[in-house]
Structures are given as structure tokens and as C-alpha cells.
Trainee: 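This is the structure I have questions about; it appears just below.
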Amino acid sequence: WFKTGDLVEEIEDGYLRIIGRKNNIINVAGEKVFPNEVENIITQLDFIDDCTVFAQTSPITGQLVAAKIVLNKNEEDKNKIKKEIKAHCKKNLDRFKVPVKIFFDNKINFSNRFKKNLNI
């Protein structure tokens, strides 16, 4: 074994499931948020093509959850879409995991190591 910085959990039959990177965890007032968990919930929505979830600094909670969203259709009413995303997240996630800030873009860029880049 060697340290990779990944957080894992043991599932049935001794298999390991990778939860996320230790340095990617969002800390909202002491509560831990895994970006992958929030991304999986957001991408359940039919009108979402892709997304990435990340931390932004908050003077009150230390960090807050933010999301960069790529829509698969041209939607004029971005406020309506934000409300739908937040409502879906509130229904499926703990309150502290719901994105506070939502940004829209045409695509999500990837690094040469296939990691999502945040150009906000």
C-alpha cells in the first residue's frame, strides 16, 4: 500500500470504493462535502450536460459549495434553472451540501491530465 491522497471505503467482499481526493473535500462549517457526491446528484437532471463542484471561501462558514454547470439546451431563464438545481439538491442532499453559488458555462475545460479546470 502507498498513500495516494484518495479517500476510500470498504464495500462488500472486501472491495474498495474511491470516494474522492482528500484535498478536494469542501469544509462547510466543519461538515465535509465530497464534490463527486454533489456532481452525481446535479447530473441526474435531464437538462445538465456536465458540471463540476468546488469550494469557494466564505467569511461565515469557511467554505461554501459552488457549481459550474454546462446545460445541454439553450435556456434563457438562468434563475429558473438555478432554482430547479437547488430544489433537486435540497431533496437529495443534506442542506450544507447544496450549492450556494451556481455558474453557467458553455463547456468545462480539462487539463492535460484530464482533470476539470475551473475558470470562473
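The first residue in the sequence is number 1, and the count goes up from there. We use all heavy atoms of the structure for the numbers below, so side chains are in, but hydrogens, waters and symmetry mates are not. Quick caveat: nothing in here was measured; it's all calculated off a predicted structure.
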Trainee: Any sub-3.5 Å donor-acceptor pair from Asp50's side-chain atoms to Ile69's backbone N or O?
Mentor: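 No.
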
Trainee: Where is the tightest heavy-atom contact between Lys86 and Val98, given as atom of each residue plus distance?
Mentor: O-CG1, 4.2 Å

Trainee: Is there side-chain contact between Val28 and Leu64, with at least one heavy-atom pair below 4.5 Å?
Mentor: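 With C-beta onward as the side chain, the pair stays apart.
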
Trainee: Roughly how far, to the nearest 0.5 Å, is the NZ atom of Lys101 from the OG atom of Ser58?
Mentor: 8.5 Å

Trainee: Which heavy atom in Val38 sits nearest to a heavy atom in Lys97, and how many Å separate them?
Mentor: CG2-O, 3.6 Å

Trainee: Which atom pair, heavy atoms only, marks the closest approach of Val65 to Ile26?
Mentor: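 For Val65 versus Ile26, the nearest heavy atoms are CG2-CG2, 4.2 Å.
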
Trainee: Does the Thr43 side chain pair with the main chain of Asn40, one donor and one acceptor, at a distance under 3.5 Å?
Mentor: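 Flag set: sc Thr43 to bb Asn40 pair under 3.5 Å.
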
Trainee: Before you tell me yes or no, could you show the steps for Gln63 and Gln56 under side-chain contact (heavy atoms from CB on, under 4.5 Å), namely the whole-Å CA-CA distance, both residues' side-chain angles and the distance that decides it to 0.1 Å?
Mentor: CA-CA 5 Å; Gln63 291 182 323; Gln56 283 200 326; over 6 Å; no

Trainee: Which pair of heavy atoms, one from Ala67 and one from Ile42, lies closest together, and at what distance?
Mentor: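 For Ala67 and Ile42, the tightest heavy-atom pair comes out as CB-CD1, 4.1 Å.
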
Trainee: CD of Glu37 to CG of Asn92: how many Å apart, nearest 0.5 Å?
Mentor: 10.0 Å

Trainee: Would you say that Lys68 contacts Phe54 through its side chain, given a criterion of any heavy-atom pair below 4.5 Å between the two side chains?
Mentor: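 The answer is yes; the side chains approach within 4.5 Å.
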
Trainee: Check Glu39 against Val53 and note the closest heavy-atom contact, atom names and distance.
Mentor: OE2-N, 2.8 Å

Trainee: Say you draw a straight line from CG of Asn79 to NZ of Lys82; how long is it, rounded to the nearest 0.5 Å?
Mentor: 6.0 Å

Trainee: Taking Asp77 for the side chain and Lys80 for the main chain, is one N or O donor matched with an acceptor at less than 3.5 Å?
Mentor: yes

Trainee: Is the shortest heavy-atom distance from the side chain of Ile102 to the side chain of Ile85 under 4.5 Å?
Mentor: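 Result yes, sub-4.5 Å side-chain heavy-atom pair found.
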
Trainee: Is it the case that over 12 heavy atoms from other parts of the model lie below 6.0 angstrom from the NZ atom of Lys78?
Mentor: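 Yes, the 6.0 Å shell around NZ holds more than 12 heavy atoms from other groups.
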
Trainee: Around atom CD1 of Ile60, are there more than 12 heavy atoms from other residues, nucleotides or ligands closer than 6.0 Å?
Mentor: no

Trainee: Give me the atom names and distance for the closest heavy-atom approach of Phe47 to Glu84.
Mentor: CE2-OE1, 3.3 Å

Trainee: Side-chain contact test, heavy atoms from C-beta onward, threshold under 4.5 Å: evaluate it for Thr61 versus Glu31 and give yes or no.
Mentor: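 No; the side chains remain at least 4.5 Å from each other.
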
Trainee: Less than 4.5 Å apart, any side-chain heavy atom of Ile81 and any of Leu71?
Mentor: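 Result yes, sub-4.5 Å side-chain heavy-atom pair found.
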
Trainee: Looking at Leu45, is its backbone amide N or carbonyl O close enough to the side chain of His88 to form a donor-acceptor pair, meaning the two atoms are under 3.5 Å apart?
Mentor: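 Flag not set: sc His88 to bb Leu45 has no pair under 3.5 Å.
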
